[in-house]
Amino acid sequence: MAYRGGSALAGLLSILSALGRVTYRNLRKLGSLAGNNFFLFVFLLLGQSGGFLQVVLGLLLLFPFSSDPLRSIPSERLQQWPLTPRIALALRLASVWFSPVAWITVGLIIWTKSLQFAAAFVGISALFYALSSLFTWVPARAPRLNILAHVPDFGGPIGGLVRKNARELLSILDPYAGLVLTLSATVYRFASSKPEPDAFMILSMLVALTLSTYALCLFGLDTASGFARYHLFPLRGWQILLAKDVAFLAVLLILVAPLHLLAGLAAGLMALTVGHHASVRYRVPQTHWRFTGGAPLTSGLLQAFLMFSAGTLVARTSAWVLLPCVAMFAGSLWYFGKELDRSAE
Amino acid sequence: MEVETGAICAFLGPNGAGKSTTVKMLTGLLKPTSGDALVAGHNVASEPLAVKRIIGVLPENLGLFDALTVEEHLYLSGPIYSLSRAETRSRTDQLLRALALENGRSTFIEHCSYGMRKKTALAMALLHNPRVLFLDEPFEGIDPVTSKTLRGLLTKVAARGVTVFLTSHILPIVERLATQIVMIREGRAVWNSRPDELPKSLEDVYFDLVEWPIEEDLPWLGCSPS
């Protein structure tokens, strides 16, 4: 039994209205990037001089922008609805306009009056869409090709939890923004005849900054089911937090190793020291293959200040400066671990 | 209310009666607002870690991580309960075989069926050989073969002294398996006995004491659309 006449149009409008709501919610999630330290830094502090970083971020943003709006409806549900071929086609055509890419393309045509430029943008978006589809398609159908499946067990009582947390961290876009910076800096190190030594210290802290917002939302990718399991394990709160921290520091240290390891480590420890508070108290939910966002702005500013101070001190004075950083980190781990223990429903 | 060592206690009641809430309080997921509860002699409020070390739990929401495969859940769990790597691997292999999970052992939880997820959570509850098992609706959503395997398993471990506390809505299974039946209504126990002390079938007692089925006619259902 297929919809006919007026009821067909009503059915189409009902689906489009649901699609509109989903798109609006997704765009609001993108709006939460205002709470991402790295985005704030690039757009507020660097201004015009941050052209390179803005291009990097613009390209990475194309992942969430390029998703097909119709994919937010489960395919089984879509196939079950009694839609005539004409209505299905109308739905396909109308849903295109729920994609931010369509609006950006129109904007580009009006702004540049260049069809070729707009077509190139659509081409890049299609490429990013294909890549992001691969990210979801490959793990489901070819588990061996899933890169995240190869993250090793870290050993010890909480080693399995560290592996899980590392996988979660690698399923958001923040570390990939850091990776682009690390790769660019590495190319600069080898391509430049006389590279500026301070540049690597600053870049190391910038890489730490790309990950720092995640340190404010360490439980953001845990489902209610997973979070309940933490409270069933015979583990103390600080051990659960430490498993998050080890995963964070492992990814960060790999990224800053070619730059300035100690400055990156000091910045990372400060990011976690401040981050425990918001992570345990607010548990801001995050989405896979998106940038982290929605974290408290004051915590982000404090984080950025302490990260740059500690990183610069360690790089300019002595590695012993790491000791107070470790002490502050341990104090925060102990205090908010206790708070996590008390946070059973 | 008391449950003896080695008993299989079925905790029955309608949706929203407080079964899962009770399980949550006994397993440390929820803090009791008043009263005392002891599990194997340990107070759940003041000794939560001691309780967690000796219990195995199948929670209502299963407690699984999307970022891990079926077998990785067990590899993660073993060392947390102080099992060696070799022992964890050996027990994992046996549990995955017993619960017919071997073929899907490398599948990420987010790609598993509900039945597979439930069996994974069950395997996690059993892996560390707990003294008390809390199972929230263990028979719902699993296939008949696994259901039979699980019943056999629970009977065996109870005979070896493990106490089982389970909730379920499948009364025929409960009637065959349980050695103690407790029924609750609106948060209060209205029946507590051995199954052979029931005056009628479990279903009839349940309908009498807990909830009578509502017979509502839906006249529009099955009629041709106007």
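The sequence lines fix the lettering, A, B, ..., with proteins before strands; numbering per chain opens at 1. All of these numbers come straight from a predicted model, not from anything done at the bench. Note that these values count all heavy atoms, side chains included, but never hydrogens, waters or copies made by symmetry.
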Original post:
Is the gap between the ring centers of A/Y230 and B/F65 under 6.0 Å?
Top reply: yes
Subject >> Exercise: identify the closest heavy-atom pair between B/P79 and A/G156 >> reply: CB-O, 3.8 Å
Original post:
Taking atom OG1 of A/T223 and atom CG of B/D66, what is their separation to the nearest 0.5 Å?
Top reply: 5.0 Å
Original post:
Around atom CZ of B/R105, are there more than 12 heavy atoms of other residues, nucleotides or ligands at under 6.0 Å?
Top reply: yes
Original post:
So with a 6.0 Å cut-off around OH of A/Y335, is the heavy-atom count from everything else above 12?
Top reply: no
Original post:
Relative to chain A, which of B/M124, B/H73, B/E60 shows the most heavy atom pairs under 4.5 Å?
Top reply: B/M124
Original post:
Which pair of heavy atoms, one from B/A67 and one from A/R167, lies closest together, and at what distance?
Top reply: O-NH1, 2.8 Å
Original post:
Which heavy atom in A/H231 sits nearest to a heavy atom in B/L29, and how many Å separate them?
Top reply: CB-CD2, 3.6 Å
**OP:** Heavy atoms only: give me the nearest A/S225-B/L64 pair and the separation to one decimal.
**Re:** OG-N, 2.8 Å
Subject >> More than 12 heavy atoms from other groups under 6.0 Å of CZ on B/R117 >> reply: yes
Original post:
Do side-chain atoms of B/R53 reach the backbone of A/P234 as a donor and acceptor pair under 3.5 angstrom?
Top reply: no
Subject >> Side-chain donor or acceptor of A/K164 paired with backbone N/O of B/L76 under 3.5 Å >> reply: no
**OP:** Answer with side chain, backbone, both or neither: which region of A/N165 has an atom nearer than 4.5 Å to a non-hydrogen atom of chain B?
**Re:** neither
Original post:
Which pair of heavy atoms, one from B/G63 and one from A/R229, lies closest together, and at what distance?
Top reply: O-NE, 2.7 Å
Subject >> A/R163 side-chain N/O to B/E72 backbone N/O, donor-acceptor pair under 3.5 Å >> reply: no
Original post:
Do other residues, nucleotides or ligands put more than 12 heavy atoms under 6.0 Å from the CD atom of B/E186?
Top reply: no
Subject >> B/K52/A/L232 under side-chain contact (heavy atoms from CB on, under 4.5 Å): CA gap, chis, key distance, verdict >> reply: CA-CA 6 Å; B/K52 286 173 187 179; A/L232 289 175; 6.0 Å; no
